Amino acid sequence: MSRLARLSLLTTVLTFLAVTAGGLVRATGSGLGCPGWPRCFGRWIPPANAHSIIEMSHRYLVSLSIWAAVAVCVSALVWHRRDRVTFGLGLAIVPLFAAQAALGAYVVHRKLTAWTVVAHLALAMIVVGLLILLTVHLVARGRALPVAADRRMVNLASAAALSAFGLMLLGSYVTGRGAGLAFTDWPLMHGRVIPDLSETTRVLQFSHRVVAALVGLFVGYVVIEARRRTGAIRRLGELAGALFVVEIIVGGLNVMTRLHSAVVTTHLALSSLIWGTLVTLIAVARRTPVPAALTVPEAGLVDARPASSVAERVVAYVALTKPRIVELLLITTVPTMVVAARGVPSGWLVLATLLGGSLAAGGANAINMYVDRDIDRLMKRTRHRPLVTGAVPPANALFFGITLNVLAFVELANLVNPLSAALAVSATLFYVFVYTLWLKRSSVSNIVIGGAAGAVPVLVGWAAVTGSLGLAPLVLFAIIFWWTPPHFWALAIRYRDDYAAADVPMLPVVGGFRKTARQIVVYTVLLWALTLLFYPVGRMGDLYLAAAVFLGGIFTYQAFALWRRVVDAPPDGMRDASGAAMRLFGYSISYLALLFAAMAVDQLIVHG
């Protein structure tokens with residue numbers, strides 16, 4: 001890194017610190033701690049009170065930033081006049097800093113009028129963005145721009161950066177208008193998804209939360225696309241996503257702590273970091289060639305074609321939701337509601353819960369297909385999915401999946417209760433971000449941890465009836481959680497070559513058939529024990545106990561049979577075990593349906 005690059009980086013850091021200090025000034029109400037400008041009560045050293053010290057610290061940090069910017073500008077003018085980018089950016093920085101300082105004085109003069117504070121923040125972020133662009137250019141100087149730059153990522157990152165910029169300014173205006181606590185609960189607003197908007201402050205706060213949700217979806221899209229790439233682009237995309245998740249949590253803490261100054265300042269600092277990360281992503285993507293894997297047509301097949309008729313389109317979009325998986329999830333939801341109600345729950349409640357659960361699960365599956373479309377075309381089992389055949393455009397599939405989850409949250413929050421809505425959408429977020437984007441392609445524990453998403457519907461069903469959770473639904477959650485690995489690993493044994501071709505580290509690929517079969521036995525025995533534990537915890541009757549003992553015994557027997565088949569098979573005859581694995585897979589589906597049906601019947605008999 002050259003000296004000018006280091007100096008530009010230092011200026012960027014100082015400017016970020018000055019912005020953060022400005023956030024502290026506002027959060028602590030210290031904006032008029034020094035009513036004069038540039039000195040404080042006519043002095044360069046402020047009086048010994050907190051507001052004056054905080055305000056003057058902000059001014060000193062701004063001064064250091066300006067002097068560093070002057071040094072960058074002089075260096076660009078004297079030694080880098082032939083580099084047009086360095087010369088242009090370096091020359092623009094000092095006037096912008098001067099304008100920022102003058103605007104700061106005007107903010108004080110106008111007694112912190114909301115729009116002046118917003119303009120002050122906007123100009124500061126523009127300065128930060130230009131400094132980042134200059135720093136990246138100086139670090140990468142000497143490297144030729146690629147013939148085919150990653151324009152898609154540049155465009156996506158640019159749009160996400162602009163949306164994050166707008167969100168930051170809207171948040172600043174909300175604070176300036178005193179609307180930060182227009183609603184004292186979070187994420188709902190006075191317990192509702194669509195609140196009473198009779199007051200201006202409520203409209204502002206509602207708008208801020210809606211825009212934040214939309215920007216979050218946009219940033220999530222950038223993360224998904226970045227993870228299809230490697231190197232700095234992938235790391236920057238993941239960083240932007242992680243920062244936005246933390247930003248959401250801190251936004252909730254803003255409300256819970258009644259706008260504590262430390263939390264408010266952290267909120268602004270995170271917003272600035274997200275903006276800076278996305279701007280860095282733009283600069284890096286401009287200097288990065290399009291990955292070879294992404295130059296392949298999206299469909300991946302020669303005979304790919306979009307669905308032409310309405311019927312074909314409907315079939316394709318339904319296929320995106322993976323109806324068989326949704327059906328399996330719903331099989332566990334209804335019996336759970338019967339157990340929670342200790343009888344027959346309201347038919348309308350069941351219908352509303354199933355509708356919301358189907359929308360959330362179907363949306364999650366559609367997003368999963370969007371993310372995995374590159375490996376789906378490499379696997380025989382999945383090469384006929386709509387995104388591989390070209391029946392549905394990828395962008396449409398992503399929008400479809402997100403829309404279904406938004407509808408699921410609104411429907412469940414309004415017709416069932418907020419807890420069930422939050423649980424349903426959290427399952428989607430876990431499935432997409434933790435399993436699909438993180439674990440599936442990087443860890444042999446992918447299906448073990450990722451299986452938690454498929455266990456959430458029982459929590460949704462229980463919360464729909466009771467409005468709360470407890471030990472009994474957590475045991476039900478554990479039952480589904482421990483059922484998932486032996487169920488899926490049996491399928492993975494059959495399609496081991498598919499996963500190997502797609503470079504997905506499923507246990508049969510990484511650990512081999514013997515280790516997989518052994519783990520299936522272990523998880524099946526633990527599953528059996530958990531189903532027996534639910535007998536006292538869930539206060540179940542003897543019918544359920546008998547079903548748990550009998551069905552679990554068959555499951556365990558088949559797991560041991562698969563293990564013996566794998567152990568006895570010669571190394572070159574391991575494929576003979578695929579038949580036993582598919583029998584176990586088929587039984588695992590029947591097992592889950594029969595076990596939960598026994599739960600429902602047991603409670604209907606006991607409380608009928």
Side-chain angles (χ1 to χ4, degrees), residues 16 19-20 23 121-122 125 128-129 132 153-175 180 186-187 205-229 232-257 262-285 363-364 367 370-371 398-399 401-403 405-406 409 422 425-439:
F16 169 76
V19 171
T20 303
L121 176 63
M125 289 299 99
V128 169
I132 290 172
M153 182 53 67
V154 171
N155 293 336
L156 283 175
S158 299
L162 287 174
S163 63
F165 183 76
L167 175 62
M168 189 187 313
L169 300 187
L170 177 59
S172 178
Y173 189 71
V174 167
T175 302
W186 182 90
Q205 181 59 246
F206 176 72
S207 301
H208 180 58
R209 296 194 187 186
V210 170
V211 173
L214 294 175
V215 174
L217 294 175
F218 208 158
V219 172
Y221 187 15
V222 171
V223 174
I224 291 172
E225 284 297 316
R227 283 187 60 86
R228 300 181 68 205
R229 292 150 172 86
I233 288 184
R234 177 168 181 161
R235 291 192 295 271
L236 287 167
E238 291 173 340
L239 177 61
L243 287 172
F244 202 90
V245 170
V246 177
E247 176 80 329
I248 293 171
I249 296 171
V250 173
L253 290 175
N254 263 335
V255 177
M256 297 174 190
T257 62
V263 180
V264 173
T265 305
T266 303
H267 197 50
L268 175 63
L270 286 168
S271 299
S272 303
L273 285 172
I274 292 168
W275 161 253
T277 302
L278 290 171
V279 172
T280 307
L281 181 57
I282 295 169
V284 172
I367 299 172
Y370 170 83
V371 176
L398 180 62
F399 180 77
I402 293 173
T403 301
N405 270 275
V406 171
F409 183 83
V425 175
S426 71
T428 295
L429 295 175
F430 189 91
Y431 182 60
V432 172
F433 288 98
V434 177
Y435 171 67
T436 305
L437 284 171
W438 176 27
L439 295 173

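None of the values given here were measured: they were computed from a predicted structure.
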**Asked** Any side-chain heavy atom of Leu239 sitting closer than 4.5 Å to one from Leu281?
**Response** no

**Message:** Under the criterion side chain to side chain contact (heavy atoms under 4.5 Å, CB included), I'd like the reasoning laid out for Phe165 against Leu121: C-alpha separation, chi angles, the key distance, then a yes or no.
**Reply:** CA-CA 10 Å; Phe165 183 76; Leu121 176 63; over 6 Å; no

**Asked** At what distance, to the nearest 0.5 angstrom, does CD of Glu247 lie from OG1 of Thr266?
**Response** 9.5 Å

**Prompt:** Heavy atoms, side chains only, cut-off 4.5 Å: are Tyr173 and Leu169 in contact?
**Reply:** no

**Request:** Please confirm whether the backbone N or O of Ala160 pairs with a side-chain atom of Ser163, one donor and one acceptor, at under 3.5 Å?
**Result:** yes

**Asked** Leu270 versus Val246: any side-chain heavy-atom pair under 4.5 Å?
**Response** yes

**Request:** Report yes if some heavy atom in the side chain of Ile233 is under 4.5 Å from a heavy atom in the side chain of Glu225; otherwise report no.
**Result:** no

**Under 3.5 Å: donor-acceptor pair, side chain of Ser271, backbone of Met168** = no

**Message:** Counting only heavy atoms from other residues, nucleotides and ligands, does the tally under 6.0 Å from CZ of Phe399 exceed 12?
**Reply:** no

**Asked** Counting N and O atoms only, with roles assigned by atom type, does the side chain of Arg209 sit under 3.5 Å from a partner on the main chain of Gln205, one being a donor and the other an acceptor?
**Response** no

**Message:** With side chain to side chain contact (heavy atoms under 4.5 Å, CB included) as the criterion, how do Asn254 and Trp186 come out once you've worked through the C-alpha distance, each side chain's angles and the decisive distance to 0.1 Å?
**Reply:** CA-CA 9 Å; Asn254 263 335; Trp186 182 90; over 6 Å; no

**Request:** Indicate yes or no: at least one non-hydrogen side-chain atom of Phe218 is less than 4.5 angstrom from one of Phe244.
**Result:** no

**Asked** Excluding sequence neighbours, so at least two apart, what forms salt bridge (charged side-chain N to carboxylate O under 4.0 Å, His left out) with Arg234?
**Response** Glu238

**Prompt:** Taking only residues two or more places apart in sequence, or in another chain, which ones meet Ala161 in a side chain to side chain contact (heavy atoms under 4.5 Å, CB included)?
**Reply:** Trp275, Leu278, Ile282

**Under the ring-ring contact (aromatic ring centres under 6.0 Å, His included) test, residues paired with Phe409 that sit two or more places apart** = none

**Request:** With the side chain counted from C-beta on, respond yes when Thr175 and Val264 share a heavy-atom pair under 4.5 Å apart, and no when they do not.
**Result:** no

